[in-house]
Amino acid sequence: MNKMDYKQLVADAISDAIDNQVSTSDIYTKIENPKLSKNGDLAFPAFVLSKTMHKAPQEIAQEIVTKIDGVSFDKVVAAGPYVNFFLNKQGVSEQVISDILVEKNHYGDNQDGQDRVVTIDMSSPNIAKPMSMGHLRSTVIGNSIAKILTKNGYKPIKDNHLGDWGTQFGKLITAYLKWGNEEDVKKDPIHYLVQYYIRFHKEDQEDPELDVEAREWFKKLEDGDPEAVRLWEWFRDASLKAFKQTYQKLNVDFDTYNGESFYNDKLQNVVDTLKEQGLLEKSQGASIVDLSDEDLNPALILKTDGASLYVTRDIATAIYRDKTYHPVMNLYVVGSEQTYYFKQLKAVLKKMGLESADGLHHVPFGLITVDGKKLSTRHGNIVLLNEVLNESVKMAKEQIAEKNPGLNNKDQVAEDVGVGAVIFGDLKNARVDSIDFNLKDQLKFEGETGPYVQYAHARAESILKKAENPNFEKSNHSLTDDDSWEVIKLLQEFPKVVKHANQNFEPSDIAKYSLKLAKAFNKYYDHTKILVDDDELNARLSLVKSVSIVLEESLNLLGVKAPNEM
RNA sequence: GUCGCAGUAGCCCAGCUGGAUAGAGCAACGGUCUUCUAAACCGUAGGUCGAGCGUUCGAAUCGCUCCUGCGACACCA
């Protein structure tokens with residue numbers, strides 16, 4: 001039994017009290033956290049036993065209370081059909097706080113992953129296009145999942161599957177040669193390249209010749225024409241450089257940048273293998289893999305003209321990852337509009353017998369819209385990530401000037417808070433929720449926001465700094481007042497939250513938890529004077545230290561910085 | 001048309017492996033800085049949990065039907 005699992009303690013006690021008529025594991029799943037604190041810390045609804053025991057639930061609750069061995073609890077009371085358990089506050093707080101002080105930022109770590117590798121396909125911006133709020137989602141969710149996986153004992157590999165190949169490069173080269181300017185592109189590559197791209201899509205409505213030219217340029221690129229390759233490499237390098245600046249702002253890095261072009265020489269092998277395995281069929285001139293036995297539409301591998309498609313490339317990618325890393329899971333942090341596609345991809349890989357195919361998980365997230373409309377680079381309808389980040393940092397600077405003008409490292413803190421607000425804002429809601437973007441909402445620093453959590457952490461650190469000789473000796477960590485008890489119960493839950501977030505690939509579990517903890521701490525902070533020289537001073541400081549550790553670690557799991565002052 | 005996701009307070013969302021009086025935040029109104037950072041805390045007000053039927057001792061939560069919105073449904077990724 002986990003030393004911290006009080007639910008198990010309760011389940012065992014109940015099972016004993018009813019002479020093991022129902023298994024502890026069955027009881028365990030029924031135990032709940034009461035909404036109201038007057039109903040205890042854990043509760044058992046006795047309804048579930050009334051059928052097997054042929055008694056009224058109220059009667060059963062009474063019986064359990066009289067028979068239970070109460071030494072582990074402050075009290076156990078029957079409230080109608082419920083048995084309410086009040087945990088031993090001194091024991092629990094002593095245990096939880098000393099654990100955190102010893103384990104520090106490793107509190108909540110577990111070894112479920114057993115060092116197994118998980119590949120994460122994430123971020124994946126397109127060359128020569130600016131990163132939008134949509135890319136933010138994939139980047140920030142993927143980054144957080146990687147951190148959560150690490151905390152659960154996995155070895156994540158973050159792979160930025162850049163969109164650096166495809167017919168759009170024919171268009172881009174054509175547009176650049178017609179309207180482009182070398183100096184401009186050198187100055188601000190993405191800004192100008194995207195202008196050319198948008199212009200191309202405007203003008204090709206009138207002038208179908210453009211498309212013909214674009215196709216020719218892409219063909220040249222595929223055939224290794226030096227001029228085409230030179231331009232492509234230039235666009236790619238310049239774009240990547242710009243992306244990396246944004247990633248630096250977000251504090252995200254990648255293990256690999258194997259974009260789509262990386263798999264160019266691996267596509268033929270996919271086609272050959274599918275043929276050898278007898279999976280490839282002709283249909284309406286194209287080559288497909290039939291998936292009707294999986295109740296799915298066929299996967300289109302080769303177009304009528306013999307050209308490959310994205311499935312082909314994704315199959316090559318999955319095979320490469322399988323061979324190179326032997327991952328136990330292969331995650332794709334990609335918008336929910338591609339759910340059906342990933343079902344097809346997985347089905348094909350399973351048919352091919354790929355070892356890691358079962359571990360393929362699409363980790364979808366909801367669409368970002370503006371005024372209810374989908375974002376589109378082509379139509380110039382886009383929210384630029386850099387602009388949002390810059391606005392948010394600017395806002396953070398204003399807040400500092402107003403609230404804490406004497407602060408050191410103002411610029412760094414403004415960066416941490418401004419960027420943190422954007423990241424946290426994206427991660428606090430369930431992944432699948434779609435978001436109608438609104439800059440004003442995004443730039444809120446009050447209430448349920450990243451800065452709120454950061455502020456609670458900074459307050460805790462501020463106290464610890466003021467405390468002359470914080471003494472975290474083991475002897476006295478027990479606190480029993482109501483406000484600190486709420487904090488301690490939350491601290492105790494952290495390891496479970498870490499597991500749950502991992503199982504569901506759900507960073508918002510961590511974000512919501514951090515809000516709850518910050519809120520409970522702010523309440524405690526407001527109601528209790530901490531720096532008072534009495535018997536419990538060290539216990540209070542130990543609690544403050546524990547809160548600071550767990551808040552910082554929660555923010556860290558989200559990829560958000562936790563400044564000590566703000 | 002078929003499939004998927006969603007519908008909870010004026011707005012944005014928790015709660016959804018069924019359990020005690022449905023919870024936060026924003027916005028509104030009122031209170032709290034000579035005391036550890038007021039980016040905070042406390043209070044007031046605000047609800048047919050999209051609609052209906054069913055399962056159950058008990059349904060926001062599970063099942064079915066319907067309504068609404070968004071998305072996906074072979075040569076874009």
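Proteins come first, then strands; the chains are lettered A, B, ... in the order of their sequence lines, and each starts at number 1.
To the nearest whole angstrom, the two P atoms, one in B:A28 and one in B:C16, are 31 Å apart. Taking atom C1' on both B:C12 and B:C26, the two are 7 Å apart, rounded to the nearest angstrom. Distance noted for atom C1' between B:G47 and B:G31: 26 Å (whole Å).
At least one test fails for A:Lys51 against the ring of A:Phe47: distance under 6.0 Å to the centre or angle within 45° of the axis.
The pairing partner recorded for B:C62 is B:G54, the criterion being a Watson-Crick or G-U wobble arrangement whose two distances lie under 3.5 angstrom. Nucleotide B:A45 forms a pair with no other nucleotide shown, judged by Watson-Crick or G-U wobble geometry with both contacts under 3.5 Å. Base pairing annotation: B:A6 forms a Watson-Crick or G-U wobble pair with B:U68, both donor-acceptor distances under 3.5 Å. With a cut-off of 3.5 Å on both Watson-Crick or G-U wobble distances, the partner of B:U17 is given as none. In a base pair of the Watson-Crick type (N1 to N3 plus N6-O4 or O6-N4) or a G-U wobble (N1-O2 and O6-N3), with each distance short of 3.5 Å, B:A22 is matched with no nucleotide. Under the Watson-Crick and G-U wobble criteria, each requiring two contacts below 3.5 Å, nucleotide B:C36 is left unpaired.
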(request) Check the pair A:Asp121, A:Arg321 against salt bridge (charged side-chain N to carboxylate O under 4.0 Å, His left out), reporting the backbone distance first and the verdict last. (result) CA-CA 10 Å; A:Asp121 189 301; A:Arg321 286 180 185 151; 2.9 Å; yes
(request) Under the ring pair (Phe, Tyr, Trp, His ring centres under 6.0 Å) rule, what do A:Tyr452 and A:His457 come out as? Steps first, then yes or no, please. (result) CA-CA 9 Å; A:Tyr452 178 91; A:His457 170 264; over 10 Å; no
(request) Give the intermediate values and the outcome of ring pair (Phe, Tyr, Trp, His ring centres under 6.0 Å) for residues A:Phe505 and A:His361. (result) CA-CA 10 Å; A:Phe505 309 122; A:His361 296 285; 5.6 Å; yes
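Classification of A:Asp482 and A:Lys523 as a salt-bridged pair fails, no side-chain N sitting under 4.0 Å from a carboxylate O.
With hydrogens and angles left out, the side chain of A:Tyr310 and the base of B:A77 share a donor-acceptor pair within 3.5 Å. In terms of polar N and O atoms assigned as donor or acceptor, the side chain of A:Ser283 comes within less than 3.5 Å of the base of B:A74 in a complementary pairing. The base of B:A39 does not come close enough to the side chain of A:Glu402 for any donor and acceptor atom to sit less than 3.5 Å apart. A donor N or O paired with an acceptor N or O is found under 3.5 Å between the base of B:U21 and the side-chain atoms of A:Lys38.
In terms of phosphate contacts, A:Ser462 brings a side-chain nitrogen or oxygen within less than 4.0 Å of OP1 or OP2 of B:U37.
For the ring pair (Phe, Tyr, Trp, His ring centres under 6.0 Å) with A:Phe218, the lone residue among A:Trp232, A:Trp165, A:Phe169 that qualifies is A:Trp165. When A:Tyr310, A:Phe262, A:Tyr263, A:Tyr257 are each tested for a ring pair (Phe, Tyr, Trp, His ring centres under 6.0 Å) with A:His161, only one passes: A:Tyr263.
With the nearest nucleotide of RNA chain B identified for both A:Arg313 and A:Pro451, A:Pro451 has the one nearer the 5' end.
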Write out a two-atom table: protein N or O, nucleotide N or O from nucleotides 60-62 of chain B, distance below 3.5 Å.
none

Give me, pair by pair, the N or O atoms of the protein and of nucleotides 26-32 of chain B that are less than 3.5 Å apart, along with how far apart they are.
| unit_1 | atom_1 | unit_2 | atom_2 | d |
| --- | --- | --- | --- | --- |
| B:C26 | O2' | A:Lys444 | NZ | 3.3 |

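Closest contact between the side chain of A:Phe47 and the listed nucleotides B:A38, B:C57, B:A74 involves B:C57. Closest to the A:His527 side chain, of the nucleotides B:A40, B:C42, B:A74, is B:C42. Between B:A72, B:A77, B:C36, one nucleotide has an atom nearer to the side chain of A:Gln338 than all others, and that is B:A77. Side chain of A:Tyr452, nearest nucleotide from B:U37, B:C36, B:A40: B:A40.
When heavy atoms are screened at a 4.0 angstrom cut-off, A:Ile530 is found touching base atoms of the nucleic acid. Contacts of A:Phe445 with the nucleic acid, taken as non-hydrogen atoms under 4.0 Å apart, include base atoms. Within 4.0 Å of A:Gln454, counting heavy atoms only, lies no atom of the nucleic acid at all. Heavy atoms of A:Ala467 sit nowhere under 4.0 angstrom from any nucleic acid atom. Looking at heavy-atom distances under 4.0 Å, A:Ala430 makes contact with sugar-phosphate atoms alone, never a base.
Applying the 90° cutoff around 0 to the glycosidic angle, B:C70 is assigned anti.
The 12-atom threshold is exceeded at CG of A:Asp305, counting heavy atoms of other residues, nucleotides or ligands nearer than 6.0 Å.
Within residues 510-524 of chain A, the residues that place at least one heavy atom under 4.0 Å from RNA chain B are, in residue-number order, A:Lys512, A:Lys519, A:Asn522, A:Lys523.
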